[in-house]
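Working notes for the structure below.
Chain letters run A, B, ... following the sequence lines, proteins first and then strands; every chain starts at 1.
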Number of protein chains: 2
Amino acid sequence: MRSEWLDSFLVFSDCLNFTHAAELLHISQPALHVKIKKLEDHVGLPLYRKQGRQLYLTPHGEQIRAFARETRERSDLFLAGLRDNKQLEPLKLAAGEGSFLYLLGPAIKHFRKTAKFPLSLVNTRGTSIIDALRSGQAHLGVSALQTVPAGIKQTRLTVVDQVVVMPKAHPLAKKKTIKPVDLHNEPLIIPPRPQPHRETIEQAFNTAGVSLNVALEAGGWEMMLQFVNLGMGISIVNSCCHIPSTLAARKITELPPLVYHILELRDAWYKEANREMIAALKKYADHWKQ
Amino acid sequence: MRSEWLDSFLVFSDCLNFTHAAELLHISQPALHVKIKKLEDHVGLPLYRKQGRQLYLTPHGEQIRAFARETRERSDLFLAGLRDNKQLEPLKLAAGEGSFLYLLGPAIKHFRKTAKFPLSLVNTRGTSIIDALRSGQAHLGVSALQTVPAGIKQTRLTVVDQVVVMPKAHPLAKKKTIKPVDLHNEPLIIPPRPQPHRETIEQAFNTAGVSLNVALEAGGWEMMLQFVNLGMGISIVNSCCHIPSTLAARKITELPPLVYHILELRDAWYKEANREMIAALKKYADHWKQ
DNA sequence: TATTATCTATAGTTTATAGTTATAGCTATG
DNA sequence: CATAGCTATAACTATAAACTATAGATAATA
């Protein structure tokens, strides 16, 4: 869609009179007429109608008019900012510790190498990622939320299973997959209460009718694994965590796999930096599986 | 800024080679060269440089490239939506009861008459207007917040004084202006605790060292005025409220006037509907004063 | 009812712009 | 030092965008 057409249409839609609008544009009336006609042909929809000899815009015409206005305003603002040497705002990517540690490394590396945008990483926990997006503290988020809040757009990134980790010598390590019942009375190392990971575990254990034996509350995957390593109990972590070779990891049933999504504000006009980061994230979505 | 220039620049910036890019665009290399030159001349800044015989984009060139991408994406999305007959989203205006009752009437009337956008009004109270904007439940808000939250753009609308209202026969009605001290021991009708109006009053009375004698807690200007009318006490309301002729309104010192602002999300690309509503609001910003 | 004014829309012509070819000039490479 | 591969400019050409003229349509006016 040519910008000239939109500019002409803007003037025309103000006058609703080819003769006057053409004068304002310093071109002849027929010249304007063909411009509007070309715009109409391109769009493929009638943009104005005649009632007697009064012209009026169709609803599509009204929409084009609004689009034309926004387009020009956007362009003017951008050019003004460019000439004022306005600094490029860095892309702010929000995610939890786990995502940054095990999921996003290669994507971030790739983005920094190929994209020309400054990058800033925001460490968030739980649902505060949504607040960060809404308040503009972050432009993009990665998280495994269960429900999509209003006004947020989700793009599926990868699916991560949950595994039970324990010392290799542990009797449960002989099993191939573990059920919540098997963990009855086992001392567990899990995060404290408001964390979503804790909630998921509690829910699954409740459903299975198994009571939790919390040996130690510890947040953060690395910490949890460290305490398992020290023999203080066993734990449930994402299968994308780097499991030390001294530990065994076994699949657990009845705990839903985590679906990681890319989160962005719906209809914040698609920023180029977002686009490039999303491309990088998708490229390396499953790198951790190898 | 012509859309053709941007389209050509996009291809050029991918190749960084006039010869190849021109082939892709099915024009000759010199033709592309002058197009890029025209874009550069229009912008007034160099968009690329040569290092030996390798070309690379300047930071300004990178920004233009991102802008060009976004421009095309935006245009494509718009056209696709238009052809799919996607319904126009209504403009959602959020404000409190007081604003809707006394401040916004004529502006809303004007908008509905002149603007071609569907309108939807959202009744909010207190700071939840910010949440409504951030979550996309509202596109525009009107409120008299004391502080501007991050990511919100404010435009000053009008200034409203606070007045004490009482029956005309009340002894205080003889005064021209009233101080908080004068209200010592007077039974007051004011909103309950979390309301900002209550907080403002409490703060002013604390500063003046006067204790509040709360006769009745009632939210909403109309209700408050009604109870004053019924002789249950006196109250403090905005001067833009419709004061019944049976009551007297007197200015009060030490209570700061309320500054009403238009609120919108910073850098949500300026929607045409927002623009028109803001124009309408400004046009009738002070209508209530007459 | 005929006449005029005002405006849209189309046709034919002219002008301006965008495209082409040719080539000079620069730079890395064998 | 010759050559390949590219940018950038000039001179020329084709195309598209402007113009003039005017037919057609509608409402106001004599």
Rounded to whole Å, please give me the gap between [atom1] in [X] and [atom2] in [N].
{"X": "B:E23", "N": "C:dT20", "atom1": "CD", "atom2": "C1'", "value": "15 Å"}
{"X": "B:F18", "N": "D:dT7", "atom1": "CZ", "atom2": "C1'", "value": "7 Å"}
{"X": "B:I36", "N": "D:dC6", "atom1": "CD1", "atom2": "C1'", "value": "16 Å"}
{"X": "B:L25", "N": "C:dT20", "atom1": "CG", "atom2": "P", "value": "11 Å"}

Open item on the list: Quick check on side-chain contact (heavy atoms from CB on, under 4.5 Å): which of B:L263, B:D131, B:I130, B:L133 does B:P149 satisfy it with?
Closed with: B:I130
Thinking salt bridges, do [X] and [Y] make one under a 4.0 Å N-O criterion?
{"X": "B:D14", "Y": "B:R65", "value": "yes"}
{"X": "A:D41", "Y": "A:K38", "value": "no"}
{"X": "B:K37", "Y": "B:E40", "value": "no"}

Open item on the list: Between A:H33 and C:dT8, is there a contact of a side-chain N or O with OP1 or OP2 at under 4.0 Å?
Closed with: no
Task: Under 4.0 angstrom between A:T19 side-chain N/O and C:dT6 OP1 or OP2 - done: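 Looking at the OP1 and OP2 atoms of C:dT6, neither is under 4.0 Å from any side-chain N or O of A:T19.
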- [ ] Look at the side chain of A:N238 and the backbone N and O of A:C240, then say whether any donor-acceptor pair between them is shorter than 3.5 Å.
- [x]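 Between the backbone of A:C240 and the side chain of A:N238 there is no qualifying donor-acceptor contact (under 3.5 Å).
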- [ ] State whether the side chain of A:S3 and the backbone N or O of B:S3 hold a donor-acceptor pair below 3.5 Å, judged by distance alone.
- [x] yes
- [ ] From the options B:R74, B:R69, B:R72, select the one residue that forms a salt bridge (Lys or Arg N to Asp or Glu O under 4.0 Å) with A:E272.
- [x]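 Of the listed residues B:R74, B:R69, B:R72, the salt bridge (Lys or Arg N to Asp or Glu O under 4.0 Å) partner of A:E272 is B:R69.
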Open item on the list: Give the residues of residues 47-63 of chain B touching DNA chain C, defined as any heavy atom closer than 4.0 Å, sorted by residue number.
Closed with: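 Output list: B:G52, B:R53.
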Open item on the list: Is the distance from the ring center of B:F18 to that of B:Y48 below 6.0 Å?
Closed with: yes
Sort me out a list of protein N/O and nucleotides 15-23 of chain D N/O pairs below 3.5 Å, or just none if empty.
from: D:dA17; atom 1: OP1; to: A:R2; atom 2: NH1; distance (Å): 3.3
from: D:dA17; atom 1: OP2; to: A:K38; atom 2: NZ; distance (Å): 2.4
from: D:dC19; atom 1: OP1; to: A:S28; atom 2: N; distance (Å): 3.2
from: D:dC19; atom 1: OP2; to: A:S28; atom 2: N; distance (Å): 2.3
from: D:dC19; atom 1: OP2; to: A:S28; atom 2: OG; distance (Å): 2.3

